[in-house]
Number of protein chains: 4
Amino acid sequence: MLPAGEPKFRRRPGDRPAEILAAALEVFAERGFHSARLEEVAKRAGVSKGALYLYFETKADLFRAVVRDAISPNIERIKAMAEAQVSFEPAVRIGLVMLASRVVTDRRVSGVVKLVIAESRTHPELAAIWHETVVEPGIGLMSRLIAEAQVRGEVREGDPRLFAFGLMGPMVLSMVWRETFEPVGAQPIDVVKLAEQHLDTVLQGMRP
Amino acid sequence: MLPAGEPKFRRRPGDRPAEILAAALEVFAERGFHSARLEEVAKRAGVSKGALYLYFETKADLFRAVVRDAISPNIERIKAMAEAQVSFEPAVRIGLVMLASRVVTDRRVSGVVKLVIAESRTHPELAAIWHETVVEPGIGLMSRLIAEAQVRGEVREGDPRLFAFGLMGPMVLSMVWRETFEPVGAQPIDVVKLAEQHLDTVLQGMRP
Amino acid sequence: MLPAGEPKFRRRPGDRPAEILAAALEVFAERGFHSARLEEVAKRAGVSKGALYLYFETKADLFRAVVRDAISPNIERIKAMAEAQVSFEPAVRIGLVMLASRVVTDRRVSGVVKLVIAESRTHPELAAIWHETVVEPGIGLMSRLIAEAQVRGEVREGDPRLFAFGLMGPMVLSMVWRETFEPVGAQPIDVVKLAEQHLDTVLQGMRP
Amino acid sequence: MLPAGEPKFRRRPGDRPAEILAAALEVFAERGFHSARLEEVAKRAGVSKGALYLYFETKADLFRAVVRDAISPNIERIKAMAEAQVSFEPAVRIGLVMLASRVVTDRRVSGVVKLVIAESRTHPELAAIWHETVVEPGIGLMSRLIAEAQVRGEVREGDPRLFAFGLMGPMVLSMVWRETFEPVGAQPIDVVKLAEQHLDTVLQGMRP
DNA sequence: AATGAATGAGATTTCATTCAT
DNA sequence: TATGAATGAAATCTCATTCAT
């Protein structure tokens with residue numbers, strides 16, 4: 001049926017699923033779930049539309065895979081932090097600065113975070129996964145460290161969980177800011193400087 | 001076609017846009033921009049689909065109107081705060097607690113904020129409007145108050161804008177939390193308590 | 001977005017669902033379920049593709065409606081036959097000749113029967129509906145008449161249900177013949193003559 | 001690419017087409033032409049999808065081969081019957097009972113018959129082949145036997161072809177019944193009993 | 001001003017077919 | 001011969017938008 005032309009396809013090496021996930025992350029982050037076109041994902045991954053379906057059942061399935069994929073390194077980070085037994089202040093300092101410099105700054109992360117927020121209504125499982133795997137463990141870890149520090153008398157009284165939200169808040173704000181307001185001209189936030197100044201302020205404010 | 005009878009009761013036309021905006025806010029907040037069905041908006045507003053087009057050109061136009069509509073009362077609050085001339089600490093305390101108790105807690109607001117975040121890529125104008133009208137004035141006001149307090153020696157040195165982000169961060173986190181994680185089972189945040197504890201902490205940490 | 005041209009659509013009177021069903025019957029009968037194109041159905045019904053979805057949820061739903069629609073008149077016929085209390089031979093004669101002349105001859109019926117056969121694997125509900133509504137009542141009625149005639153000594157012994165199949169078989173064969181072999185050149189069957197000769201033969205063969 | 005080792009066992013290539021045809025018959029009978037997946041055929045035949053194309057040009061080609069393949073043994077049966085020179089009644093009795101017990105009862109046959117009916121519109125060649133090779137010879141043979149019996153005064157007057165349809169009808173009905181209504185719960189027909197009772201009835205009814 | 005039936009462009013998804021290996 | 005990853009045309013279904021009434 002087709003007039004013969006140059007070869008229609010060529011098997012290429014490389015990790016197809018990973019290439020597709022990378023392309024999908026880009027497109028989803030740029031356009032959101034609904035506006036993302038699978039055709040665009042395919043084009044950027046250098047495959048045909050049909051090929052996507054060799055690896056992912058549906059668009060939603062691909063979306064979920066993108067989000068899950070973005071979590072995995074974070075899980076490791078959180079575990080590593082949890083296992084590093086140190087005294088309160090250095091632990092929080094190192095943790096938050098690392099978060100600011102490595103995680104919040106990473107466009108891949110802030111992009112996915114924004115997606116999770118944006119699509120939480122239509123894909124609550126994603127919010128659930130993210131919450132169980134990243135958010136609650138992270139907040140839980142900080143709360144525990146704070147509670148222990150309170151027992152040791154290093155931190156004044158107060159709800160440890162609220163202290164944790166107080167520390168994390170500006171990091172969340174930074175991601176939202178970068179994804180939402182910077183593209184329309186807002187002055188970028190220097191996240192590391194923010195983290196450091198915030199730590200100086202809050203840690204002093206938490207002293208007994 | 002209908003034999004003349006008594007005129008059917010008819011809502012004042014002037015109310016229509018407001019009713020439509022209210023219905024649209026609901027539906028957009030529940031479903032996001034793309035999943036929101038104009039048919040659903042029309043049904044909840046008690047009008048026909050066609051009627052929407054008498055007041056709004058397109059779906060995007062309606063969306064913009066919803067977002068703008070949600071801003072206006074906030075603008076008034078901000079202006080009021082700005083005009084209330086008080087010393088630094090009380091001003092910040094009153095402002096943040098008011099924000100926590102009146103604004104962050106309002107589902108309408110957190111819903112719209114989430115929408116702005118979610119659709120910022122496809123509707124950057126919304127992010128722009130929000131930034132110019134709400135965010136920048138708010139952050140600007142706080143920064144100025146802080147800078148003035150620094151001049152008076154009430155606040156230690158440090159970037160006033162970063163202090164402002166440090167104060168606001170947990171409020172943003174709270175809105176994201178409510179919209180994204182509470183629906184999937186996360187323990188709710190008591191925003192007012194958070195604001196108060198955070199103020200105690202940060203204001204102490206900002207002292208010279 | 002569209003350059004203005006002649007009016008895109010015009011509401012027309014008439015019973016839309018019925019028009020669509022008629023068009024769909026044609027197309028389904030011509031092409032089978034899978035090869036039938038909704039675009040073709042829409043074109044023949046004089047509506048747009050989208051309009052089909054105002055009346056029928058899915059293609060399968062439309063298909064079911066076509067089949068159900070074809071049954072209803074038959075149900076009436078069967079009921080009428082059942083209620084006509086007559087002695088055995090005339091009843092069967094009248095019934096079968098009526099069937100031959102009115103039902104088997106009707107392209108709409110034979111077309112739908114073929115569809116039910118063809119799609120019974122993919123749409124078993126249709127076979128079920130047809131079986132419960134048309135086939136089993138019909139066979140049941142004949143069996144009962146035969147059993148009663150046996151009691152009265154008008155019919156020799158033998159399984160009444162098998163007698164019924166013996167009478168009906170050539171009618172089924174005729175429908176299959178018309179739909180399957182006539183289009184490829186088979187000599188048409190004169191169904192009424194077949195029914196009459198078959199009745200003469202079988203009724204005589206059923207005498208005690 | 002593989003290091004030389006002992007040769008993997010390998011089916012004789014000569015068997016491949018037969019294995020594929022067997023698998024294809026199963027799948028086509030189960031799902032119909034369109035819903036049949038070549039991947040499924042390949043899996044059941046124990047070959048790759050690509051291998052199918054070494055033996056059959058297209059899906060339709062494979063389908064035709066399946067149908068033709070199912071005919072061949074029948075042709076032999078029919079020829080054998082035609083050549084067995086016997087008097088009318090025994091010939092018909094033997095023939096029909098054999099048909100009932102060997103052919104109609106064979107799921108492979110009823111499956112293909114159903115396929116031919118179902119796809120006759122999209123693949124008329126199949127109906128044509130079937131008609132020319134199976135149906136018309138069979139009906140022709142019976143008609144001739146009947147006509148000869150009429151000449152000998154063994155059968156009363158009447159259209160021999162219609163007598164043939166009268167005899168064959170319940171066999172067709174049985175195949176349709178099995179394929180269409182039994183899967184949705186209809187009580188199975190005992191085809192051999194049906195054939196015998198029908199023969200008793202019709203043959204008596206055909207006596208002068 | 002209001003209606004809502006109708007439109008049709010466009011998106012996801014399927015799967016027979018191809019061809020580099 | 002044989003494989004199976006990859007292709008891409010084509011089909012169903014959605015829904016913002018239109019406009020005769």
Side-chain angles (χ1 to χ4, degrees), chain A residues 1-2 4 7-12 16 34-42 46-62, chain B residues 1-2 8 10-11 13 16 34-43 46-62, chain C residues 1-2 4 7-13 16 34-42 46-62, chain D residues 1 8 10-11 13 16 34-43 46-62:
Chain A
M1 229 54 154
L2 290 171
K8 259 191 314 186
F9 53 78
R10 184 175 306 273
R11 197 166 327 187
R12 267 162 322 139
R16 273 280 191 280
H34 266 100
S35 299
R37 300 288 156 244
L38 290 187
E39 188 145 33
E40 182 65 20
V41 173
V47 299
S48 69
K49 263 187 299 173
L52 302 181
Y53 287 85
L54 297 174
Y55 303 103
F56 305 96
E57 305 250 317
T58 62
K59 187 187 187 184
D61 188 48
L62 172 58
Chain B
M1 235 37 164
L2 285 172
K8 315 245 149 167
R10 189 180 294 269
R11 280 191 220 76
R16 276 286 154 77
H34 266 100
S35 298
R37 301 285 155 251
L38 289 188
E39 188 145 31
E40 182 65 20
V41 173
K43 196 199 296 175
V47 301
S48 71
K49 259 197 297 179
L52 302 181
Y53 286 83
L54 298 172
Y55 301 104
F56 305 96
E57 304 253 316
T58 65
K59 188 186 188 185
D61 189 47
L62 172 58
Chain C
M1 232 50 154
L2 289 172
K8 258 191 312 187
F9 52 79
R10 183 173 305 273
R11 198 165 329 190
R12 265 159 324 136
R16 273 279 190 281
H34 267 99
S35 300
R37 299 286 157 246
L38 290 187
E39 186 145 34
E40 182 65 21
V41 173
V47 299
S48 70
K49 265 186 300 174
L52 302 181
Y53 288 85
L54 296 174
Y55 302 103
F56 305 96
E57 305 250 318
T58 63
K59 187 186 187 184
D61 188 48
L62 172 59
Chain D
M1 235 37 164
K8 316 244 152 168
R10 188 180 293 270
R11 280 188 220 80
R16 278 286 154 75
H34 266 99
S35 299
R37 302 283 156 251
L38 289 188
E39 187 146 32
E40 182 65 20
V41 173
K43 196 199 295 175
V47 299
S48 71
K49 259 197 297 179
L52 301 180
Y53 286 83
L54 299 173
Y55 301 103
F56 306 95
E57 304 252 315
T58 65
K59 187 187 189 183
D61 188 47
L62 172 59

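A note on names: the letters A, B, ... follow the listed sequences, proteins ahead of strands, and every chain is numbered from 1.
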Structure string for DNA chain F in dot-bracket form, Watson-Crick and G-U at under 3.5 Å, | interchain: .||||||||||||||||||||
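- Atom CD in E39(C) sits about 15 Å away from atom P in dG10(E), given to the nearest Å.
- Using a 4.0 Å heavy-atom cutoff across all strands shown, K59(B) reaches sugar-phosphate atoms only and no base atom.
- Rounded to an integer number of Å, the gap from CG of L62(D) to C1' of dT17(E) is 14 Å.
- Looking at heavy-atom distances under 4.0 Å, L54(A) makes contact with a base.
- Residue-level contact check: A42(C) touches neither bases nor backbone, having no heavy atom under 4.0 Å from any strand.
- The separation between R37(C) atom CZ and dA11(F) atom P is 4 Å, rounded to whole Å.
- A60(D) comes within 4.0 angstrom of no nucleic acid atom, judged by non-hydrogen atoms across all strands.
- Residue order along DNA chain E, read from the 5' end via each residue's closest nucleotide, puts S48(B) first among S48(B) and E57(D).
- Rounded to an integer number of Å, the gap from CZ of F56(D) to P of dT1(F) is 14 Å.
- Whole-Å rounding puts the L52(C) CG to dA11(F) P distance at 15 Å.
- Note: NE2 (H34(C)) to P (dT14(E)) measures 12 Å, nearest angstrom.
- Nearest nucleotide to the side chain of K49(C), out of dA6(E), dT13(E), dA9(E): dA9(E).
- Protein atom OH of Y53(A) is 13 Å distant from nucleotide atom C1' of dG8(F), rounded to whole Å.
- Rounded to whole Å, atom P of dC15(E) lies 13 Å from atom NZ of K43(D).
- Closest to the side chain of A51(D), out of dA2(F), dA6(F), dA5(E), is dA2(F).
- Where A36(C) and G50(D) each meet DNA chain F at their nearest nucleotide, the meeting point lying more 5' is that of G50(D).
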Name each donor-acceptor pair under 3.5 Å that joins a side chain in residues 46-62 of chain A to protein atoms two or more places apart or in another chain, with its distance.
residue : atom : partner : partner atom : Å
S48(A)  : OG   : A51(A)  : N            : 3.2
T58(A)  : OG1  : A60(A)  : N            : 3.4
T58(A)  : OG1  : D61(A)  : N            : 3.0
K59(A)  : NZ   : F33(A)  : O            : 2.8
K59(A)  : NZ   : H34(A)  : O            : 3.3
K59(A)  : NZ   : A36(A)  : O            : 2.9
D61(A)  : OD2  : E57(A)  : N            : 3.0

